[in-house]
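Here is the structure we will look at.
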Protein chains: 2
Amino acid sequence: MVKSRSRGSNFDCVTCIMRKRSDWSVLGRDEVTLLANGQSSFSYGSGEPVYSMGESGDGVYCVCSGTVAIRRLDAEGNSVLLQLAYPGDTLGYEAVLTGEPHRCNAEALGPANVCHIKSLTVKELLDKNPNLGLQFLRRTAASLDDAQDKLVHHATLSNRAKLAHLLLILMDRYGRRTADGTSTLHLPVSRRDLASMIGARHETVSRIIGRFESDGIAYFSGRSVRIPQVNALVEEIRPQLVG
Amino acid sequence: MVKSRSRGSNFDCVTCIMRKRSDWSVLGRDEVTLLANGQSSFSYGSGEPVYSMGESGDGVYCVCSGTVAIRRLDAEGNSVLLQLAYPGDTLGYEAVLTGEPHRCNAEALGPANVCHIKSLTVKELLDKNPNLGLQFLRRTAASLDDAQDKLVHHATLSNRAKLAHLLLILMDRYGRRTADGTSTLHLPVSRRDLASMIGARHETVSRIIGRFESDGIAYFSGRSVRIPQVNALVEEIRPQLVG
DNA sequence: GACACGCATTGACTAACGTCAAATTTTGTT
DNA sequence: AACAAAATTTGACGTTAGTCAATGCGTGTC
């Protein structure tokens with residue numbers, strides 16, 4: 001179900017509720033007007049690219065609704081899902097700042113609304129309000145921290161532990177705690193993407209899922225996951241301590 | 001040989017040759033004076049910490065000479081070497097910007113001179129010259145790009161390929177091409193660190209080194225490496241393509 | 001509704017890698 | 001120079017995870 005990208009008119013920065021929770025919250029009243037003038041909003045269908053590796057950055061993107069996947073492909077075509085972007089997140093500013101082409105693909109994981117702010121406007125705003133740049137800097141530093149944490153996990157955890165950890169992270173956004181202490185989770189991504197996020201093959205993920213079910217830790221049905229005790233997942237993360 | 005950190009007086013931002021190649025190159029003349037006033041320079045011995053995880057960021061650090069290793073430890077004490085910092089690199093600004101404690105250790109890998117610029121000065125400079133913040137942002141974005149590339153490699157390459165790749169990267173800075181086409185390389189880090197950089201055990205690295213030697217690709221003696229044909233390392237990186 | 005396609009699961013097998021332990025070398029200290 | 005400590009190498013072994021291949025499942029298309 002891949003609709004083609006369509007221009008939407010429903011989103012306007014001045015009234016946008018996401019703006020207050022985003023990097024753009026540092027802007028003053030007339031700066032927001034400038035932002036609104038340099039902006040266009042688009043609707044995307046599932047799987048549709050927002051931007052692609054190699055394209056030059058003609059502006060930045062701000063997620064208004066939905067989830068956007070940030071991926072990188074290597075020379076052999078392996079796709080790695082690096083990050084999930086949510087409403088309020090700003091994407092693609094690296095390319096605008098450096099003048100280099102985009103290093104990643106950004107793709108809507110479901111119906112999504114994403115606004116585009118053209119480079120000129122971004123540069124004017126950065127110039128007018130230095131806090132915007134500092135805000136981007138804080139955000140980028142947080143992403144770097146996140147990426148470095150992932151590197152540590154890739155270096156020290158088993159695939160099973162990494163999958164448990166990933167499920168816990170996805171729980172934060174997509175999970176729901178039911179009355180009797182069990183939790184449920186609707187996965188935003190396929191098994192293949194799940195696998196690429198932890199640096200494993202999709203067959204391996206299938207097998208780990210099988211073992212989670214045998215061990216009573218998590219039960220999968222399509223993209224729905226039922227987790228009787230969240231704490232059991234936490235236990236999975238620390239390497240086996242003997243004693 | 002761990003000397004204790006000592007205050008040095010040899011380094012002054014106004015005359016510092018590294019400054020022109022660093023983020024601070026965007027500063028104007030009197031801003032450099034402000035920088036020089038908020039700065040103190042220190043000498044470090046091999047293995048000595050510049051700052052440590054958990055400490056609060058009381059300023060940023062600028063490498064004047066030597067190499068500084070950026071590491072992160074996990075809960076079980078595993079150390080992962082995330083990055084090598086070189087003269088001109090600025091460290092530790094994340095902690096200053098966010099107010100959070102340092103998330104990494106920074107440690108001199110050999111004799112090194114590192115200047116400390118106190119938080120107040122950094123904030124004044126960021127305030128006076130917005131280009132400094134943008135410069136930090138560009139640098140951080142580049143680090144993020146680098147970390148994401150590593151994630152892709154961790155997800156898709158074998159340890160052997162990752163080691164070959166790492167050697168090529170280290171060649172850029174520590175390598176020397178001799179007349180007859182062979183190259184030599186003096187490693188700045190131990191085998192353990194080499195292992196942590198590619199997410200493998202040190203025993204595994206030892207064995208890969210053994211195989212590199214059997215295969216005539218690289219010969220190791222302590223921290224010296226001789227590489228007859230650099231191209232042979234490049235070949236190692238791409239997964240076996242069946243022909 | 002039948003079909004095709006991509007995704008997911010499972011099995012059999014193999015290769016890569018980690019673990020534990022011991023021997024050896026290197027490095028730093030006294 | 002002698003010693004102690006740490007790093008490195010090597011071996012034997014077990015486990016994990018990747019590969020190849022076949023089958024099943026689900027979704028969207030015609």
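Just so it is clear: chains get the letters A, B, ... in the order the sequence lines come, proteins before strands, and each one is counted from 1.
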Using atom names, set out every protein N or O paired with an N or O of nucleotides 24-27 of chain D below 3.5 Å, distance rounded to 0.1 Å.
none

Between C:dT9 atom P and A:Leu194 atom CG, what is the distance in whole Å? 10 Å

Partner set under side-chain hydrogen bond (donor to acceptor under 3.5 Å, both in side chains) for B:Arg19, not counting sequence neighbours: none

Enumerate all atom pairs, one protein N or O and one N or O from nucleotides 5-8 of chain D, separated by less than 3.5 Å.
{"unit_1": "D:dT8", "atom_1": "OP1", "unit_2": "B:Arg191", "atom_2": "N", "d": "2.9"}
{"unit_1": "D:dT8", "atom_1": "OP2", "unit_2": "B:Arg191", "atom_2": "N", "d": "3.3"}
{"unit_1": "D:dT8", "atom_1": "OP2", "unit_2": "B:Arg192", "atom_2": "N", "d": "3.3"}

To the nearest Å, how far apart are B:Arg207 CZ and D:dG11 P? 9 Å

Any side chain to side chain donor-acceptor pair (under 3.5 Å) involving residues 209-221 of chain A? Give me the pairs, sequence neighbours left out, ordered by first then second residue. A:Arg160-A:Asp215

A:Lys162 NZ to D:dT16 C1', in whole Å, measures 11 Å

What residues form a ring pair (Phe, Tyr, Trp, His ring centres under 6.0 Å) with A:Tyr51, not counting sequence neighbours? A:Tyr61, A:His102

Please report, rounded to the nearest Å, how far the P atom of C:dA16 is from the CG atom of B:Leu163. 15 Å

Is a side-chain N or O of B:Lys150 found less than 3.5 angstrom from the main chain of A:Ala147, in a donor-acceptor match? no

Both A:Glu203 and B:Ser158 contact DNA chain C. Which one's nearest nucleotide lies toward the 5' end? A:Glu203

To the nearest angstrom, how far is B:Asn159 atom CG from D:dG18 atom C1'? 13 Å

Suppose we screen for side chain to side chain contact (heavy atoms under 4.5 Å, CB included). Which residues come up paired with B:Met18, at least two apart in sequence or across chains? B:Cys16, B:Arg21, B:Pro87

Return the 5'-most residue of the pair B:Ile208, A:Ile209 with respect to DNA chain C, ranking by each residue's nearest nucleotide. A:Ile209

5′-ward residue of the pair B:Gly210/A:Arg211 relative to DNA chain D: B:Gly210

Figure out the CD/C1' separation between A:Glu213 and C:dT9, and round it to whole Å. 11 Å

In chain order, what residues pass the ring pair (Phe, Tyr, Trp, His ring centres under 6.0 Å) check against A:His165, with sequence neighbours excluded? A:His153

In degrees rounded to 10°, what angle is found between the helical axes fit to the five outermost pairs at each end of the helix from C:dG1-D:dC30 to C:dT30-D:dA1? 50°

How would you list, by chain and number, every residue that makes a side-chain hydrogen bond (donor to acceptor under 3.5 Å, both in side chains) with A:Ser158, sequence neighbours excluded? none

Partner set under side-chain hydrogen bond (donor to acceptor under 3.5 Å, both in side chains) for B:Asn105, not counting sequence neighbours: none

The criterion is side-chain hydrogen bond (donor to acceptor under 3.5 Å, both in side chains); which residues satisfy it with A:Asp180, sequence neighbours excluded? A:Thr178, A:Thr182

Please enumerate all residues that pass side chain to side chain contact (heavy atoms under 4.5 Å, CB included) together with A:Ala85, with sequence neighbours excluded. A:Val63, A:Val68, A:Asp89, A:Leu91

As an exercise, state the distance from OG of A:Ser183 to CG of A:Leu167, rounded to the nearest 0.5 Å. 11.5 Å

State, without any angle test, whether B:Arg103 and A:Gln148 hold a side-chain donor-acceptor pair at a distance under 3.5 Å. no

Is there, by distance only and without an angle test, a donor paired with an acceptor across the side chain of A:Arg201 and the base of C:dT10 below 3.5 Å? no

C:dT25 P sits how many Å from B:Phe220 CZ, rounded? 19 Å

Distance, rounded to the nearest Å, where A:Phe212 contributes CZ and C:dT9 contributes C1': 17 Å

